[in-house]
Asks: 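Following this message is one structure expressed as structure tokens.
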Amino acid sequence: MTTHRYWLVKSEPSGFSWADLLASPDRTAEWDGVRNFQARNYMREMKLRDQVLFYHSSIPQPAVVGTAVVVREGYPDFTAWEPKNIHFDPKSTPEKPLWYMVDIQGKEALPYPVTLESIKHTPGLEKMMLLQRSRLSVQPVTAAEWKIIVALGKQGS
DNA sequence: GCCAACGTTGGC
DNA sequence: GCCAACGTTGGC
């Protein structure tokens, strides 16, 4: 039997949005540019077909707007090796990569985006890491939390 | 635009 | 190895 895990990734829509993901070839994007060790470690735990909540941050109504799936497991984030890239980091080299990324594929839009505000007030979601560690851009979600959020996103509250 | 939270850097 | 300074994120 296969088990998969659940995650939440955050993105500022002005940089890369849910719509951008859906518009990508095969609805698939490299989740590059993560430069935080804890987030990196979580990405290295991600497995094929793990489920991902896609969250829009730094907007008036931050919210989970869709679901995605991991289609490629952790591999070196080569943008760290490109001096002109905004995510360049000289401490990472092809021989000794420091940063990793995964590929995710957009799966399902949530017709009723699940706002941060509603997450705060929904029983069962009060322990979400999002509420305590708002700055962590890749974080685990429990199966129970996943279920509640996807249900809310599909049918509203 | 402000500010709190918090991760990272660097001097010692 | 400590800790102050600094930078970044993200909610409001």
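Here is how names work: the chains are called A, B, and so on, in the same order as the sequence lines, proteins then strands, and each is numbered from 1. These numbers were taken from a predicted model, which means no experiment stands behind them.
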Asks: Examine distances only and state if a side-chain atom of A:Arg27 and a backbone atom of A:Ala68 form a donor-acceptor pair shorter than 3.5 Å.
Replies: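 A pair under 3.5 Å: no.
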Asks: So A:Ser134, base contact, sugar-phosphate only, or nothing? Heavy-atom distance under 4.0 Å.
Replies: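 If one applies the 4.0 Å heavy-atom cut-off, A:Ser134 turns out to touch the sugar-phosphate alone, with no base involved.
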Asks: Among A:Glu145, A:Lys10, A:Lys120, whose side-chain contact (heavy atoms from CB on, under 4.5 Å) with A:Leu130 holds?
Replies: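 The side-chain contact (heavy atoms from CB on, under 4.5 Å) with A:Leu130 is passed solely by A:Lys10 among A:Glu145, A:Lys10, A:Lys120.
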Asks: Between A:His87 and A:Arg35, is any pair of side-chain heavy atoms under 4.5 Å apart?
Replies: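 Result yes, sub-4.5 Å side-chain heavy-atom pair found.
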Asks: Measure NE2/A:His121 against P/C:dG11 and give the value in whole Å, please.
Replies: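 It is 15 Å, rounded to the nearest whole Å.
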Asks: Let me know the distance between CD of A:Gln61 and P of C:dC12, rounded to the nearest Å.
Replies: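 Computing the A:Gln61:CD to C:dC12:P distance gives 10 Å.
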Asks: To the nearest Å, give me how far apart CZ (A:Arg133) and C1' (B:dA4) are.
Replies: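 Checked: the CZ to C1' distance equals 14 Å.
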Asks: Please check if the side chain of A:Gln155 supplies one atom and the backbone of A:Leu152 the other of a donor-acceptor pair under 3.5 Å.
Replies: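 The answer is no, because no donor-acceptor pair under 3.5 Å joins these two groups.
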Asks: Sort out for me which residue in A:Tyr75, A:Trp81, A:Phe78 forms a side-chain contact (heavy atoms from CB on, under 4.5 Å) with A:Pro97.
Replies: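 Answer to the side-chain contact (heavy atoms from CB on, under 4.5 Å) test with A:Pro97 among A:Tyr75, A:Trp81, A:Phe78: A:Trp81.
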Asks: Using atom CG of A:Leu130 as one end and atom P of C:dC12 as the other, report the distance to the nearest whole Å.
Replies: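 My rounded result for the distance is 10 Å.
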Asks: Rounded to whole Å, how long is the line connecting atom CG of A:Asn41 with atom P of B:dG7?
Replies: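 About 13 Å, once rounded to whole Å.
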Asks: Determine the contact category for A:Ile59: base if any of its heavy atoms lies under 4.0 Å from a base atom, sugar-phosphate if only primed atoms, P, OP1 or OP2 are that close, otherwise nothing.
Replies: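 It contacts nothing in the nucleic acid.
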Asks: For a quick test of reading the model, state the closest non-hydrogen atom pair linking A:Trp18 to A:Thr67 and the distance between them.
Replies: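 Shortest heavy-atom contact: CH2-O, 3.1 Å.
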Asks: Need one value for A:Pro60: base, sugar-phosphate or nothing, where a base atom within 4.0 Å counts as base even if backbone is also close, heavy atoms only.
Replies: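 Nothing: the residue A:Pro60, judged by heavy atoms under 4.0 Å, touches no strand.
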Asks: For A:Gln132, which contact category applies under a 4.0 Å heavy-atom criterion: base, sugar-phosphate, or nothing?
Replies: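 Answer is sugar-phosphate: A:Gln132 comes under 4.0 Å of backbone atoms only.
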Asks: Identify all pairs in which a protein N or O lies below 3.5 Å from an N or O of nucleotides 8-10 of chain B, and state each distance.
Replies:
residue	atom	partner	partner atom	Å
B:dT9	OP1	A:Lys91	NZ	3.4

Asks: Please state how far atom NE2 in A:His87 lies from atom P in C:dG7, giving the value in whole angstrom units.
Replies: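 Nearest whole value for this atom pair: 19 Å.
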Asks: Atom NZ of A:Lys10 and atom C1' of B:dC6: how far apart are they, to the nearest Å?
Replies: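 Interatomic distance, NZ of A:Lys10 to C1' of B:dC6: 12 Å.
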Asks: Of A:Trp99, A:Trp7, A:Phe54, A:Tyr42, which is the lone residue that meets ring-ring contact (aromatic ring centres under 6.0 Å, His included) with A:Trp31?
Replies: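 Option passing the ring-ring contact (aromatic ring centres under 6.0 Å, His included) with A:Trp31: A:Phe54.
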